[in-house]
Undergrad: 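Here it is, the structure in full.
Since this is a predicted model, take the numbers as computed values, not measurements. Below, chains carry the letters A, B, ... as their sequence lines are ordered, and counting in each starts from 1.
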Number of protein chains: 2
Amino acid sequence: MNRFLSHATNRIDAKGRVSVPSAFRAVLSEAGVREVYCFQDFVFPAISVGGPELLERFEKQMAAEDPFSDAANQMSLLVHGGGVFLKLDSEGRLMVTDFIRDFTGISTEVTFVGRGDHFQLWEPQAFARAQAEAREGRKQRGLRPG
Amino acid sequence: MNRFLSHATNRIDAKGRVSVPSAFRAVLSEAGVREVYCFQDFVFPAISVGGPELLERFEKQMAAEDPFSDAANQMSLLVHGGGVFLKLDSEGRLMVTDFIRDFTGISTEVTFVGRGDHFQLWEPQAFARAQAEAREGRKQRGLRPG
DNA sequence: GCTTCTCCCATTGACGCCCATATGGTCCCA
DNA sequence: TGGGACCATATGGGCGTCAATGGGAGAAGC
C-alpha cells in the first residue's frame, strides 16, 4: 500500500524518541524517502510529516506569487520557519523535539495519523477530540461515506 | 539539506554573543560563506542574514529600476543604510550589537528562523506572534496544504 | 591604561549510532 | 488443534561525539 492510512499511538521513551509505525515507515521507504519534512500544520495543532516533495510543493506555490508579497512572506514564515527536516534513527524512531512538543502539546505519547500522502503527529487527546468534531460535522451535514 | 529551515532559540551570553544553530552554520559553510550580510527586514521586526549574494540580489533589483526613482531610493536606504557585514567567531557565534537589539527588541535570547535562502533573528515573543498571525491569515484565506 | 573584541580552551548536556530485550503474532509441524 | 520455533515491531539503554555555553587571556582600539 502506498499511502498513509489508519492511526496508532506510541510511547515516547526516556530519551524523547518515539517509533514511527512500521506501516508508515514502509510507505516512506517505498518512496525512497530518507529524511522527512515536518511542519507545523496550518489548521490543526499537529505536525504534518512527508517527503521532501511536500516542501517543494509549497515552494512552487510561493514562487508563483510575487516573492515580496505579504502572502508569500507569511507563507515562508510558516513553511520555512515552521518546518524542518528530521531523520529517523536506525530503528525507525524520531526525536520529539520542543519544536514538536510546543506546537502539539505532546508530552508522553504520540498519535500517528495517516492522511493519504502524508501523516501527522498528534497529542492523543487532541486527536480524539478533533476526530469527534469531524464526525459530528459530517453527521450534521447529512453526508455519508462513499 | 541546502536551505535554512526551522527555528530555534539560543541564549545570549555575558559577552553579548549567541551561537548560530549548527544546522544554519552547515548551510553557510556549504555555500562557502565566511562573512554574513545582515540587514533590517522590510516587513518584520527582524534581522535578515545571508551570504553576500543576498545584497547582490537587492542591488540587481535596484539596478533594474530607474536609479532615481522613489522605490530605488528607499530600497538603497534600507539595503545599504540598514545593512552590515558580520563575521562569526571560531565557535560559530555572532555578536548581538545594538544595531540588532534596537531594531528587533532582542535582549537575552534570540530566535533563529529559517527562511529558505536566508535566515532571520527575532525576539522570541515577537516571532511567536508573527507566526500565529500568519497562520491565522492563511486560515481565513481558506487555503490548505496541497 | 582601560575597554572592547578575538582566539582559545573547558564543561556539560544533548543527540546519533549501536546493541539488547520484550511482546505479540504467524507459521510450521506433530 | 495445540505447542513451539521463529520473526517483526516497539522499546530500553550504553557510550562516544558534537553542539551550546561559559570563561580566560592576549590583541587591538579609544
Side-chain angles (χ1 to χ4, degrees), chain A residues 1 4-30 33-38 47 49 84-102 106-114 119-124 127, chain B residues 1 4-30 33-36 38 49 84-102 106-114 119-124 127:
Chain A
M1 182 50 58
F4 299 99
L5 286 180
S6 179
H7 68 269
T9 301
N10 287 341
R11 225 191 329 266
I12 298 177
D13 69 18
K15 294 168 95 172
R17 303 168 300 185
V18 66
S19 292
V20 175
S22 79
F24 289 3
R25 293 201 312 252
V27 177
L28 288 174
S29 78
E30 194 179 329
V33 173
R34 305 211 127 258
E35 285 195 330
V36 292
Y37 171 65
C38 310
I47 302 289
V49 183
V84 66
F85 278 97
L86 289 184
K87 57 180 200 282
L88 310 185
D89 71 12
S90 52
E91 275 76 36
R93 290 178 287 198
L94 58 82
M95 278 294 305
V96 184
T97 61
D98 284 343
F99 175 87
I100 295 173
R101 293 176 193 267
D102 293 345
I106 286 170
S107 61
T108 63
E109 290 193 325
V110 180
T111 296
F112 292 81
V113 181
F119 64 91
Q120 295 181 324
L121 313 183
W122 285 75
E123 194 284 319
F127 173 63
Chain B
M1 189 46 54
F4 298 99
L5 285 181
S6 183
H7 65 266
T9 301
N10 287 341
R11 231 190 324 270
I12 299 177
D13 70 16
K15 292 174 156 182
R17 304 169 298 184
V18 66
S19 292
V20 175
S22 76
F24 289 4
R25 294 200 312 253
V27 177
L28 287 174
S29 79
E30 195 179 328
V33 174
R34 305 213 128 257
E35 282 196 332
V36 292
C38 310
V49 183
V84 293
F85 278 96
L86 287 184
K87 58 177 196 279
L88 309 185
D89 72 11
S90 52
E91 273 76 38
R93 290 179 283 201
L94 59 81
M95 281 292 305
V96 183
T97 61
D98 285 343
F99 169 83
I100 295 173
R101 293 175 192 267
D102 292 346
I106 286 170
S107 61
T108 63
E109 290 193 323
V110 180
T111 296
F112 291 81
V113 180
F119 64 91
Q120 295 182 322
L121 313 183
W122 285 74
E123 193 284 319
F127 172 63

Undergrad: What is the ring orientation for A:F4 with A:F24, classed by angle as parallel under 30°, tilted 30 to 60°, or perpendicular over 60°?
TA: perpendicular

Undergrad: Between the base of D:dG23 and the side chain of B:R17, is there a donor and acceptor pair under 3.5 angstrom?
TA: yes

Undergrad: Using modelled atom types only, decide if a donor and an acceptor are shared between the side chain of B:R17 and the backbone of B:I12 within a distance under 3.5 Å.
TA: no

Undergrad: I'd like to know if B:E91 reaches the base of C:dC8 with its side chain, counting only an N/O donor and acceptor under 3.5 Å.
TA: yes

Undergrad: Just call it for A:V20: base, sugar-phosphate, or nothing, with non-hydrogen atoms closer than 4.0 Å on any strand.
TA: sugar-phosphate

Undergrad: Please state how far atom CE in A:M95 lies from atom P in D:dA19, giving the value in whole angstrom units.
TA: 16 Å

Undergrad: How close or far is atom P of C:dC15 from atom CG of A:L88, stated in whole angstroms?
TA: 16 Å

Undergrad: Measure the shortest side-chain to side-chain distance between A:M95 and A:I100 over non-hydrogen atoms and say whether it is less than 4.5 angstrom.
TA: no

Undergrad: When we call it a touch if two heavy atoms are under 4.0 Å apart, what does A:D89 touch: a base, just sugar-phosphate, or nothing?
TA: nothing

Undergrad: Should A:S22 be listed as having a side-chain N or O under 4.0 Å from OP1 or OP2 of D:dT9?
TA: yes

Undergrad: Can you see if the side chain of A:R25 gets near the phosphate of D:dA10 - specifically, an N or O under 4.0 Å from OP1 or OP2?
TA: yes

Undergrad: Round to the nearest Å and state the distance from B:R93 atom CZ to C:dC7 atom P.
TA: 12 Å

Undergrad: How many whole angstroms separate atom CG of A:N10 from atom P of C:dA22?
TA: 19 Å

Undergrad: With a 6.0 Å cut-off on ring centres, are A:H7 and A:F112 close enough?
TA: no

Undergrad: What nucleotide among D:dA10, C:dC17, D:dA20 has an atom nearest to a side-chain atom of A:P21?
TA: D:dA10

Undergrad: Can you tell me the distance, in whole Å, between the CG atom of B:D13 and the P atom of D:dG23?
TA: 9 Å

Undergrad: Tell me: CD of B:E109 to C1' of D:dT21, nearest whole Å?
TA: 13 Å

Undergrad: Examine distances only and state if a side-chain atom of A:N10 and a backbone atom of A:S19 form a donor-acceptor pair shorter than 3.5 Å.
TA: yes

Undergrad: So, under a plain 3.5 Å distance rule, would you say the side chain of A:R11 forms a donor-acceptor pair with the base of D:dG12?
TA: no

Undergrad: Where the side chain of A:S19 is defined as all heavy atoms beyond and including C-beta, which of D:dA10, C:dC17, C:dT6 is the nearest nucleotide?
TA: D:dA10

Undergrad: Within the modelled atom types, does a donor on one side and an acceptor on the other bring the side chain of B:K15 and the base of D:dT21 under 3.5 Å apart?
TA: no

